[in-house]
Amino acid sequence: MIEIDNLRLTRGGAPVLYGIDLRIPAQGIIAIIGPNGAGKSTLLHTVAGLIAPDAGHVTIEGRNIHAMTEAERALHLSVLTQSQGAVPRLSVAELIAFGRWPHHRGRPGPQDRAAIAEAIDRFELKPLLDREVESLSGGQKQRAYVAMAYAQTTPWMLLDEPLAALDPKYTRDIMDRLRGLTDRTVLLVLHDLAVAAMYADWVVGLKHGRVHCAGPWREVVTSEVLSDLYGVPLEVTETSVIWA
């Protein structure tokens, strides 16, 4: 479990997170949703230890995230941010192998090679291994980055908007693969409410830097809760676009 207690953060002189109190269960897929500017990515980055809060703390299985070294955190959670930076001439195989760095620190062994091979197979990247990452389509590239995070073999995977700019085909592809990860918990920021309803086991709704709602998806993905969260009338029905 990840526990967040009285988390407060100010950036550029403006409050961003206001006394966040939250218990995030180790349970399949956890979606963070909410309107633009709600603090979703900031919360994810703070939970990941990438941003130090002004007050409060985050613990994972009882250990303070911000008291850990970067190397220690990398053994508990893998993080995929929106901006991965340029990777000129880096192959897909090399990218996925980077996921094992926290474990071998430059001296890979059989366990590292096995983890890399499993990531390649699970995300079906064998035909792309020799391709340069920058030559891939958006969906292929995102699948490779998620495979890198998977190869890190951490109990938690934290993904910041992994579906941004993806079409329905690649959205389904990524989410189906994440849904199949029964050995770890995926905490991700989502904008697509339909995807959250279809795949998330647990949902956190942020509004104005505060937790507006949190719980099993059936308790959060309702007309009343979502209308209040987004400030516009929304109706949740059983009818939606179904991927056959």
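Heavy-atom basis, side chains included; hydrogens, waters and symmetry copies ignored.
For the pair Trp217 and Ala200, the tightest heavy-atom approach, listed with the atom from each and the gap, is CD1-O, 3.2 Å. Considering all non-hydrogen atoms of both residues, Pro35 and Lys40 come closest at O-NZ, 3.0 Å. Contact detail for Ile51 and Arg11: the closest heavy-atom pair is CD1-NH1, 3.4 Å. In this structure, Pro155 and Arg184 approach most closely via the heavy-atom pair O-CB, 3.2 Å. Minimum heavy-atom separation, Leu43 to Leu17: CA-CD1, 4.1 Å. Of all non-hydrogen atoms in Val225 and Cys213, the two that sit nearest each other are CG1-SG, 3.7 Å.
Checked against side chain to side chain contact (heavy atoms under 4.5 Å, CB included), Glu124 has the following partners two or more places apart in sequence or in another chain: Arg143, Arg177. Partners of Glu72 by salt bridge (Lys or Arg N to Asp or Glu O under 4.0 Å), not counting sequence neighbours, listed by chain and number: Arg63. When the side chain to side chain donor-acceptor pair (under 3.5 Å) test is applied to Thr42, no partner is found at least two apart in sequence or on another chain. In terms of the salt bridge (Lys or Arg N to Asp or Glu O under 4.0 Å) criterion, Lys207 has no residue partners (sequence neighbours excluded). The salt bridge (Lys or Arg N to Asp or Glu O under 4.0 Å) check on Asp228 picks up nothing, with sequence neighbours excluded. By the salt bridge (Lys or Arg N to Asp or Glu O under 4.0 Å) test, Arg100 pairs with Asp112, sequence neighbours left out. Residues meeting the side chain to side chain donor-acceptor pair (under 3.5 Å) test with Arg23, sequence neighbours left out: Glu3, Asp5. Scanning for side chain to side chain donor-acceptor pair (under 3.5 Å) contacts around Glu94 gives Ser91, with sequence neighbours left out. The side chain to side chain donor-acceptor pair (under 3.5 Å) test applied to Asp192 returns no partner, not counting sequence neighbours.
Side-chain contact between Leu226 and Ile33 is present, with heavy atoms from C-beta onward closer than 4.5 Å. Looking at heavy atoms from C-beta onward, Gln27 lies out of side-chain contact with Thr185 at the 4.5 angstrom threshold. By the 4.5 Å heavy-atom criterion applied to side chains, Ile32 and Leu187 are counted as neighbours. Looking at heavy atoms from C-beta onward, Leu181 lies in side-chain contact with Arg122 at the 4.5 angstrom threshold. Within the 4.5 Å cutoff, the side chain of Val58 has heavy atoms near those of the Ile2 side chain. Residues Leu188 and Ile29 meet the side-chain proximity criterion, which asks for heavy atoms closer than 4.5 Å. In this structure, Leu193 and Tyr230 have side chains that are in contact, with non-hydrogen atoms separated by less than 4.5 Å. Looking at Arg179 and Asp201, their side chains come closer than 4.5 Å, going by heavy atoms from C-beta outward.
For Asp130, the CG atom sits in a loose shell: 12 or fewer heavy atoms of surrounding residues, nucleotides or ligands are nearer than 6.0 Å.
The distance from the CG atom of Leu95 to the CG atom of Leu90 is 5.5 Å, given to the nearest 0.5 Å. From Arg172, atom CZ reaches atom CG of Asp167 across 12.5 Å, with rounding to the nearest 0.5 Å. Here Gln82 contributes atom CD and Leu159 contributes atom CG; the two are 11.5 Å apart, rounded to the nearest 0.5 Å. Atom CG of Asp121 and atom CD1 of Ile116 lie 12.0 Å apart (nearest 0.5 Å). To the nearest 0.5 Å, atoms OG1 (Thr46) and CD1 (Ile65) are separated by 11.0 Å. With rounding to the nearest 0.5 angstrom, the CG atom of Leu206 is 5.5 Å from the CD1 atom of Ile20.
With hydrogens and angles ignored, the 3.5 Å screen pairs no side-chain donor or acceptor of Arg8 with any backbone N or O of Ala55. No donor-acceptor pair closer than 3.5 Å links the side chain of Glu161 to the backbone N or O of His191. A donor-acceptor pair is defined here as one N or O able to donate and one able to accept, closer than 3.5 Å; no such pair exists between the side chain of Asn6 and the backbone of Gly19. Here the side chain of Gln142 pairs no donor or acceptor atom with the backbone of Leu163 at under 3.5 angstrom. In terms of modelled atom types and a separation under 3.5 Å, the side chain of Ser223 and the main chain of Val236 share a donor-acceptor contact. Without hydrogens or angle criteria, Thr154 side chain to Ser78 main chain gives a donor-acceptor distance under 3.5 Å.
Residues Phe98 and Leu129 share a single hydrophobic cluster, defined by chaining ILVMFWY side chains whose heavy atoms lie under 4.5 Å apart. Cluster membership check: Ile30 does not share its hydrophobic cluster with Met1, using side-chain heavy-atom separations under 4.5 Å among Ile, Leu, Val, Met, Phe, Trp and Tyr. One hydrophobic cluster, built from ILVMFWY side chains closer than 4.5 Å, holds both Met198 and Ile174. Connection of Met148 to Tyr170 is established within a shared hydrophobic cluster, with ILVMFWY side chains joined at heavy-atom distances below 4.5 Å, either directly or through further cluster members.
Residue pairs that meet the ring pair (Phe, Tyr, Trp, His ring centres under 6.0 Å) test with at least one member in residues 38-82, sequence neighbours left out, do not exist here. The salt bridge (charged side-chain N to carboxylate O under 4.0 Å, His left out) analysis of residues 47-61, with sequence neighbours excluded, yields no pairs. Residue pairs meeting the ring pair (Phe, Tyr, Trp, His ring centres under 6.0 Å) criterion with at least one member in residues 104-132, sequence neighbours excluded, are Trp101-His104, Phe123-Tyr150.
Screening Asp176, Leu178, Thr171 for a side-chain contact (heavy atoms from CB on, under 4.5 Å) involving Tyr199 leaves a single residue, Asp176.
Remark: the Ser137 side chain and the Gln140 side chain contain an N/O donor-acceptor pair separated by less than 3.5 Å.
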### Task
Take Val211 and Ile4 through the side-chain contact (heavy atoms from CB on, under 4.5 Å) test and state the conclusion after the steps.
CA-CA 11 Å; Val211 176; Ile4 304 171; over 6 Å; no

### Task
Dump the intermediate steps for side-chain contact (heavy atoms from CB on, under 4.5 Å) on Ile60 and Met68, then the final yes or no.
CA-CA 11 Å; Ile60 180 170; Met68 295 180 185; 3.7 Å; yes

#### Entry: From CA spacing to verdict: side-chain contact (heavy atoms from CB on, under 4.5 Å), Ile24, Trp156
CA-CA 11 Å; Ile24 303 176; Trp156 291 80; 4.0 Å; yes

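Residues Lys141 and Glu134 are paired through a salt bridge, judged by an N-O separation under 4.0 Å between the basic side chain and the carboxylate.
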